[in-house]
Amino acid sequence: MQGSDHGKNRENAWQAAAAPHSNGVSSDSAPASRRVHDPSSEGPLGLSRRDGALIVTIEREERRNALSQATLEAFGAVFRHHLSPDDRAVIITASGARAFCAGADLKERRDMSLDEVRAQLMRYRTDLAWLSTCPVPTIAAINGAALGGGLELALLCDLRVAAPHASFALPETSLGIIPAAGGTQYLPRIVGAAKAREMILLGSRVSAAEALRIGLIHRVCDAAVAVLEDALGWIAPITRGAPIAQKAALRALRAADRLDIDGGLEFERACYEECLASEDRVEALNAFAEKREPLFRGR
Ligand code: COA
């Protein structure tokens, strides 16, 4: 398919240009808002680092940031090649103000065989699902509509902040399919069984205010503030915090989704143990006694 080849070429260019630290810039030495790479004319994803966060921007505004094959592959490449041990958080956002992500690229899908559709669905697991197991917190900064696979992308993240005009829906049943990139599993865990049934069976669209009310998102930013700026300010305590403790807390929290209470409490103890041995724990106690801010080194 010509369109798919074109997408692959664009992604290859992006991968080559965005090799980690290829410009010698690490998170520690980078100025606060330095871009690692500006891919606006090259690939489906933009990659930059700011304030300790790796920022991944879907750059397909003309298709409302829909997830093409190349976009999914590029997400996989972020994890495999670009996530650095210095990154303290990963923010997923998108270009323009209309959509965070309109879900699967329905134009691309129209030309796909059944096997290609199946393979694409697997890509959500191989190339996107890392967001739910990423060693550092993942944040969706939702700049507009999050529909279908776009909402499922946001559900994979640990935290969700949205612009006030953002909207949310899983309309798959109106397209003859189901939300199978984790939607039927993650949504009930986040908003509860009743609301998930309503959203999936009716395909109903939820406003940002309603999403906040039902716990689908954590925060609605001020209309005058870009959602990415809001997200960066909001997660500052994470990027300033103690790295070992942040990672341990994240692992323990995620374990709560899959373990029973006894297993979960055991797991929590093991995670605490990792913090006990850290220099940062001692530094926090010293800083408290000396009435100063702690300087965490991730050791
Ligand atoms: N896949 C491919 N292209 C898409 C797309 C998708 N999921 N969603 C939107 N586009 C394209 C449109 O076809 C249109 O292309 P065109 O200019 O060549 O006609 C372009 O993006 C702009 O779309 P438009 O609907 O005019 O933008 P909007 O800002 O008024 O509305 C949405 C944005 C996201 C609300 C709307 O496009 C929409 O509802 N899209 C369908 C989302 C969906 O059902 N996803 C479920 C997937 S399972």
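Inter-residue side-chain proximity for Val136 and Ile238 is flagged as unmet; no heavy-atom pair is nearer than 4.5 Å. No side-chain heavy atom of Leu67 sits less than 4.5 Å from a side-chain heavy atom of Asp105. Side-chain atoms of Ser84 and Arg49, non-hydrogen and from C-beta on, do get closer than 4.5 Å to each other. Between Val78 and Val90, the closest side-chain pair of non-hydrogen atoms is not below 4.5 Å.
The line from CD1 of Ile92 to SG of Cys157 is 5.5 Å long, rounded to the nearest 0.5 Å. In this structure, CD1 in Ile214 is found 7.0 Å from CG in Leu187, a value given to the nearest 0.5 Å. Rounding to the nearest 0.5 Å places CD of Glu116 at 7.0 Å from CD of Gln69. If you take CZ on Arg219 and CD1 on Ile235, they are separated by 11.5 Å, rounding to the nearest 0.5 Å. Here CD of Glu59 is found 10.5 Å from CG of Leu47. Values are rounded to the nearest 0.5 Å. From Thr239, atom OG1 reaches atom CG of Asp51 across 6.5 Å, with rounding to the nearest 0.5 Å.
Gln120 and Arg109 form a side-chain donor-acceptor contact under 3.5 Å, judged by distance and modelled atom types alone.
By the neighbour-count criterion of 12 heavy atoms within 6.0 Å, atom CZ of Arg197 is sparsely surrounded, having that number or fewer from other residues, nucleotides or ligands. Surrounding CD of Glu293 are at most 12 heavy atoms belonging to other residues, nucleotides or ligands under 6.0 Å away.
Using the six-membered ring where Trp is involved, Trp130 and Phe79 have ring planes that are parallel, under 30° apart on the 30 and 60° scheme.
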Verdict with reasoning, Leu45 to Phe75, per side chain to side chain contact (heavy atoms under 4.5 Å, CB included): CA-CA 8 Å; Leu45 297 182; Phe75 265 106; 3.7 Å; yes
Could you walk me through whether Glu73 and Arg123 pass salt bridge (charged side-chain N to carboxylate O under 4.0 Å, His left out), step by step? CA-CA 7 Å; Glu73 286 170 22; Arg123 284 209 169 280; 3.4 Å; yes
Evaluate the criterion salt bridge (charged side-chain N to carboxylate O under 4.0 Å, His left out) for residue pair Glu283 and Arg292; output intermediate values, then yes/no. CA-CA 10 Å; Glu283 162 64 6; Arg292 62 172 174 81; 2.7 Å; yes
Test salt bridge (charged side-chain N to carboxylate O under 4.0 Å, His left out) on Lys195 and Glu198; report intermediate values, then the result. CA-CA 5 Å; Lys195 199 67 200 178; Glu198 182 186 331; 3.3 Å; yes
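Sorted by first and then second residue, the pairs that involve residues 249-261 and meet side chain to side chain donor-acceptor pair (under 3.5 Å), not counting sequence neighbours, are Asp158-Arg254, Arg251-Glu274.
With sequence neighbours excluded, the residues forming a side-chain contact (heavy atoms from CB on, under 4.5 Å) with Gln185 are Arg189, listed by chain and number.
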